[in-house]
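Right, one structure below, let's go through it.
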Amino acid sequence: MTTTNRAPGEPSAVPSPTEHPPPTAPYHRVRTVARALAVAACVPYAGLKLAWLAGSRGGIPDGSPLLDGGVVLTVGNAATVLMVGCVVVLALLLTRPWGLRVPAWLLVVPMWVASGLLLPILTAYPLQMAVRLLGGDGGQASGGAGDPFLEPWVFGVVYGGFIVQGLALGTLFALYAEERWGRLWQGRLRDLPRTPSSPVLRVTAVAAALVALAPGLAHLLWAAGSTAGLDEGRVAGRTSDFHVLEAVNTLFVAAAVAGVLLLAFRRGGRLPLRVPLVLVWAGSAQVACWGGWLSLAALVGAGGVADRPTTAMVLIYAGQMLVGTVIALPVAQLLAERAAASRPSETRSGTRA
């Protein structure tokens, strides 16, 4: 390791191997635009939630169950406003110089959760709109019963904002991750060396694949029209939107399992390493976090008996959380090992952490 003579406190003229170069001008412009879009996309949702907290009924029709939400609904609205605030913080963290100094877990965990909550909307909502254009019944259930939950325009405004948030945050995170950790997914799957975590990853992959059969099969059956395990409210209120969402849920379960099996057993050796990593990231995040969100909704739901999730549904949601988390943790350990192995010798010896 070479050193240079300079006065105390004088910055080095040559950056150390672990310092990050400034982003190029084109990427800087992309970051600026994506950050502005992410923040702006939070405004409609946050404004609507704050209006409801203040007592407004905008977008809530007469007879909606939301009118009887009480304290549970108030707490839920306040919590979701805080979640929108987290999106703003993430957008800043991913674009400011100080964001590169944040501990990895403090960024990766919130981004993983955000991915899991936004990906179903990013994928399912456009497909639902396409199916409606092709003749799907959309939000109009064939049973026709039940009071409306929200005015139709609310879904367009809110989900449109979520889609912009997801695309903007995804772009920002991809640029950030490539700059900070790009070396971790270079090469092909066959080049991935065996590490101390490899046996654990193989056992985990097989276990997760077996456990994933339950939620994967359930979502597939629901997408195909089965009512097994569904509550009365969902059976009566099924539309093309429901079937599209269940099909998307099935695909994310399959993506998570396929990604972790590829990493564990090195099948498809010519495949770029980033492909199974993307499958694991997207699949595990959606399966775990969407399952968690549905579980939380089941616990605090204020609907009638017919709208309360059945025991089978609760178990499916719990299984999703288990599968997604079990898949994500050993893959995170694998990347941590690769990061440790790729650090310069002076970093590993303690000169720079």
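These numbers were taken from a predicted model, which means no experiment stands behind them.
- Salt bridge annotation for E246-R238: absent, with no cationic side-chain nitrogen under 4.0 angstrom from a carboxylate oxygen.
- W181 and Y176 have their aromatic ring centers within a separation under 6.0 angstrom.
- Using a distance-only test at 3.5 Å, with no hydrogens or angles considered, a donor-acceptor pair links the side chain of W222 to the main chain of A228.
- By the 4.5 Å side-chain criterion applied to Ile, Leu, Val, Met, Phe, Trp and Tyr, V71 is assigned to a cluster that also includes V75.
- Atom-to-atom distance recorded for L315:CG and L322:CG is 12.0 Å, nearest 0.5 angstrom.
- Put simply, the side chain of T95 gets close to the backbone of L92: a donor and an acceptor are under 3.5 Å apart.
- No side-chain heavy atom of V260 sits less than 4.5 Å from a side-chain heavy atom of T204.
- Hydrophobic cluster membership is shared by V87 and M83, with clusters built from Ile, Leu, Val, Met, Phe, Trp and Tyr side chains linked at under 4.5 angstrom.
- Residues L100 and V102 are members of one and the same hydrophobic cluster, defined by side-chain heavy-atom contacts under 4.5 angstrom among Ile, Leu, Val, Met, Phe, Trp and Tyr.
- S284 OG to L329 CG: the interatomic distance, rounded to the nearest 0.5 Å, is 9.0 Å.
- When all heavy atoms of A114 and L90 are compared, the closest pair comes out as CB-CD1, 4.5 Å.
- Hydrophobic clustering of Ile, Leu, Val, Met, Phe, Trp and Tyr side chains at less than 4.5 Å, counting indirect connections, keeps V278 apart from V109.
- With hydrogens and angles ignored, the 3.5 Å screen pairs no side-chain donor or acceptor of R35 with any backbone N or O of T32.
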Pair L175-L94, side chain to side chain contact (heavy atoms under 4.5 Å, CB included): steps then yes or no | CA-CA 9 Å; L175 294 174; L94 292 169; over 6 Å; no

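- Around the CH2 atom of W293, the shell of radius 6.0 Å holds no more than 12 heavy atoms that belong to other residues, nucleotides or ligands.
- By the 4.5 Å heavy-atom criterion applied to side chains, V88 and C42 are counted as neighbours.
- Note that CD of E337 and CD of Q333 are 4.5 Å apart. Values are rounded to the nearest 0.5 Å.
- Listed here is the closest heavy atom pair of R338 and Q186: NH2-O, 3.9 Å.
- The number of heavy atoms from other shown groups lying within 6.0 Å of CZ (R194) is above 12.
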Output, in order, the C-alpha distance, side-chain angles, deciding distance and verdict of side chain to side chain contact (heavy atoms under 4.5 Å, CB included) for R132 and D241.
-> CA-CA 8 Å; R132 290 190 189 190; D241 288 354; 2.4 Å; yes

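- Annotation: the span from L66 atom CG to L150 atom CG amounts to 5.0 Å, rounded to 0.5 Å.
- Taking each heavy atom of V157 and P44 in turn, the nearest pair found is CG1-CB, 3.6 Å.
- At distances below 3.5 Å, not a single donor-acceptor pair connects side-chain atoms of S226 with backbone N or O atoms of L221.
- Between L263 and the choices V331, I327, L279, the side-chain contact (heavy atoms from CB on, under 4.5 Å) rule is met once, by V331.
- Proximity of P110 to V113: side-chain heavy atoms (C-beta onward) are nowhere separated by under 4.5 Å.
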Side chain to side chain contact (heavy atoms under 4.5 Å, CB included) between L294 and M313, intermediate numbers included = CA-CA 9 Å; L294 293 175; M313 294 172 67; over 6 Å; no

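- The minimum heavy-atom distance between L119 and T123, with the atom names listed, is O-OG1, 2.7 Å.
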Between W281 and V108, is a side chain to side chain contact (heavy atoms under 4.5 Å, CB included) present by the stated rule, with each step listed?
-> CA-CA 10 Å; W281 175 276; V108 170; 3.7 Å; yes

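- Minimum heavy-atom separation, A288 to G324: CB-CA, 3.7 Å.
- Between T310 and L230 there is no side-chain heavy-atom pair separated by less than 4.5 Å.
- If you chain together hydrophobic residues whose side chains sit under 4.5 Å apart, V257 and V206 fall into the same group.
- How far CG of L167 is from CZ of F162: 13.5 Å, rounded to the nearest 0.5 Å.
- Side-chain N or O atoms of N77 include none that pairs as donor or acceptor with a backbone N or O of T74 at under 3.5 Å.
- For CZ of F155, the number of neighbouring non-hydrogen atoms (other residues, nucleotides, ligands) closer than 6.0 Å is greater than 12.
- Side-chain contact between R190 and R266 is absent, with no heavy-atom pair separated by less than 4.5 Å.
- Separation of atoms CH2 (W112) and CG (L117) is listed at 10.0 Å; rounding is to 0.5 Å.
- No path of Ile, Leu, Val, Met, Phe, Trp and Tyr side chains, each step under 4.5 Å between heavy atoms, connects V314 with V72, placing them in separate hydrophobic clusters.
- Of all heavy-atom pairs spanning L201 and P330, the tightest one is CD1-CB, 3.9 Å.
- Hydrophobic cluster membership of L37, counting Ile, Leu, Val, Met, Phe, Trp and Tyr whose side-chain heavy atoms lie under 4.5 Å apart directly or via other members: V33, V164.
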